[in-house]
Amino acid sequence: MRIVLLLAALAGALAVVLGFILTRDDKAVDLRGSQPPDGLVLPDAVANTPAFDGKALAITFLDTQCTEACPIAASQIAEAMRLLGDDRGRVLAVAYSVDPVHDTPASITSFLRRNRAAGEIRYVDGSVASLRKVWSAFQILPSTDTGNSNMHSVPVRVYDSEGRWRSTLHPGVDLTPANLAHDLEAVLE
């Protein structure tokens, strides 16, 4: 009897989970990155950026002096962009500096070239004050606050063309060119 009750409870739980998955944003989307709760959208600090209008986005946070996660993230994002083929024009990869004091135009150009990401990632630099609004909105720990170029947040967040946050991938965990390209293509459908 206990087994029957346990199986019935499991079946009920499975039905609830499947119902949630099938009604999430009105259709199921197979994503490889971790999925945030429904309703989270692109922060106001960047939502009105004209270049983002109607595009799926891969957004990350980089430091040109970083030697650990940043080179991996930049090269894998760039390769994912190249994998998109015909969908490439509907997607934008953006990296916000987490160390604007040391991320100079020359270091940004060198970093992107070194990691085969030139022309694939739009690297956004600015003053600490202007970028602090972005870091705060995305809840990012910048290297400018840690004092260490290798110690900062480096998620790669995927947003659909309506600005809804759909998945997050992490260098060294689940960020691969194939996974990122897959998630970007999935949110374009």
Side-chain angles (χ1 to χ4, degrees), residues 24-25 29-64 66 68-100 103 108-109 111-126 131 133-135 137-143 152-189:
R24 183 181 173 103
D25 293 326
V29 177
D30 173 36
L31 298 168
R32 294 182 181 166
S34 59
Q35 296 176 43
D38 277 343
L40 298 179
V41 296
L42 200 59
D44 288 341
V46 299
N48 294 323
T49 304
F52 294 179
D53 289 346
K55 299 213 184 255
L57 303 170
I59 295 181
T60 195
F61 304 85
L62 301 176
D63 181 327
T64 62
C66 178
E68 294 177 5
C70 293
I72 294 168
S75 64
Q76 293 188 344
I77 292 168
E79 183 59 28
M81 296 302 283
R82 288 187 283 272
L83 290 175
L84 291 173
D86 292 342
D87 288 328
R88 175 64 180 93
R90 299 172 52 205
V91 175
L92 185 62
V94 180
Y96 288 95
S97 172
V98 290
D99 187 5
D103 284 355
I108 291 168
T109 298
F111 175 84
L112 292 173
R113 282 186 184 146
R114 196 170 52 248
N115 294 292
R116 299 185 59 228
E120 301 295 344
I121 298 174
R122 181 176 294 189
Y123 204 108
V124 180
D125 196 16
L131 286 170
K133 293 174 187 170
V134 174
W135 303 329
F138 282 97
Q139 298 182 349
I140 296 300
L141 175 65
S143 55
H152 62 89
S153 303
V154 193
V156 179
R157 294 185 184 170
V158 174
Y159 291 84
D160 65 21
S161 61
E162 295 177 15
R164 294 177 298 196
W165 181 11
R166 303 305 295 270
S167 77
T168 304
L169 299 132
H170 299 89
V173 180
D174 53 4
L175 176 63
T176 65
N179 283 351
L180 179 56
H182 173 274
D183 282 8
L184 288 166
E185 288 173 333
V187 303
L188 286 172
E189 295 177 4

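We count residues from 1, following the sequence as given.
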Query raised in the report: Can you check whether Pro155 reaches Ile140 side chain to side chain, under 4.5 Å on heavy atoms?
Result: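 Yes - at least one pair of side-chain heavy atoms lies under 4.5 Å apart.
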Query raised in the report: Should Asp125 and Leu131 be marked as a side chain to side chain contact (heavy atoms under 4.5 Å, CB included) after you check the CA-CA gap, both sets of side-chain angles, and the distance that decides it?
Result: CA-CA 8 Å; Asp125 196 16; Leu131 286 170; 4.2 Å; yes
Least distance between heavy atoms, [X] atom then [Y] atom:
X	Y	answer
Ala186	Val29	CB-CG1, 3.7 Å
Leu84	Ala181	CD2-O, 3.8 Å
His152	Ser143	CB-N, 3.4 Å
Trp165	Pro36	O-CG, 3.4 Å
Pro142	Val98	CB-O, 3.5 Å
Leu83	Ala178	CD1-N, 4.0 Å

Query raised in the report: When you look at CZ of Arg122, are more than 12 heavy atoms from neighbouring residues, nucleotides or ligands closer to it than 6.0 Å?
Result: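 No, CZ of Arg122 has 12 or fewer neighbouring heavy atoms, counting only those of other groups under 6.0 Å.
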**Report entry** Crowding at CZ, Arg116 (>12 non-hydrogen neighbours, <6.0 Å)
**Finding:** no
Sequence neighbours excluded, which residues qualify as salt bridge (charged side-chain N to carboxylate O under 4.0 Å, His left out) partners of [X]?
X	answer
Arg90	Asp87
Arg88	Glu120
Glu68	none

I need the [X] [atom1] to [Y] [atom2] distance, nearest 0.5 Å.
X	Y	atom1	atom2	result
Ile59	Ile121	CD1	CD1	12.5 Å
Asp30	Gln35	CG	CD	8.5 Å
Ser161	Glu189	OG	CD	11.5 Å
Asp183	Tyr159	CG	OH	13.5 Å
Arg157	His170	CZ	NE2	8.0 Å
Ile77	Leu180	CD1	CG	6.5 Å

What side-chain donor-acceptor pairs closer than 3.5 Å can you find for residues 39-57, not counting sequence neighbours?
| unit_1 | atom_1 | unit_2 | atom_2 | d |
| --- | --- | --- | --- | --- |
| Thr49 | OG1 | Val46 | O | 2.7 |
| Lys55 | NZ | Gly89 | O | 2.6 |

Query raised in the report: Just by distance, do the side chain of Asp99 and the backbone of Asp103 share a donor-acceptor pair under 3.5 Å?
Result: no
Requested in this report: Measure from the side-chain N and O atoms of Trp135 to the backbone N and O of Ala137, and report whether any donor-acceptor pair falls under 3.5 Å.
Outcome: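 Side chain of Trp135 to backbone of Ala137, a donor-acceptor pair under 3.5 Å: no, none is there.
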Query raised in the report: Distance only, no hydrogens: is a donor on one side chain within 3.5 Å (strictly under) of an acceptor on the other, for Ser75 and Asn115?
Result: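 No pair is found: no donor N or O on one side chain lies under 3.5 Å from an acceptor on the other.
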Requested in this report: List for me each residue that meets side-chain hydrogen bond (donor to acceptor under 3.5 Å, both in side chains) alongside Arg32, sequence neighbours excluded, and say none if there are none.
Outcome: Asn179
**Report entry** Residues forming a ring-ring contact (aromatic ring centres under 6.0 Å, His included) with Phe138, sequence neighbours excluded
**Finding:**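 Testing Phe138 for ring-ring contact (aromatic ring centres under 6.0 Å, His included), a comparison that skips the adjacent residues, returns Phe61.
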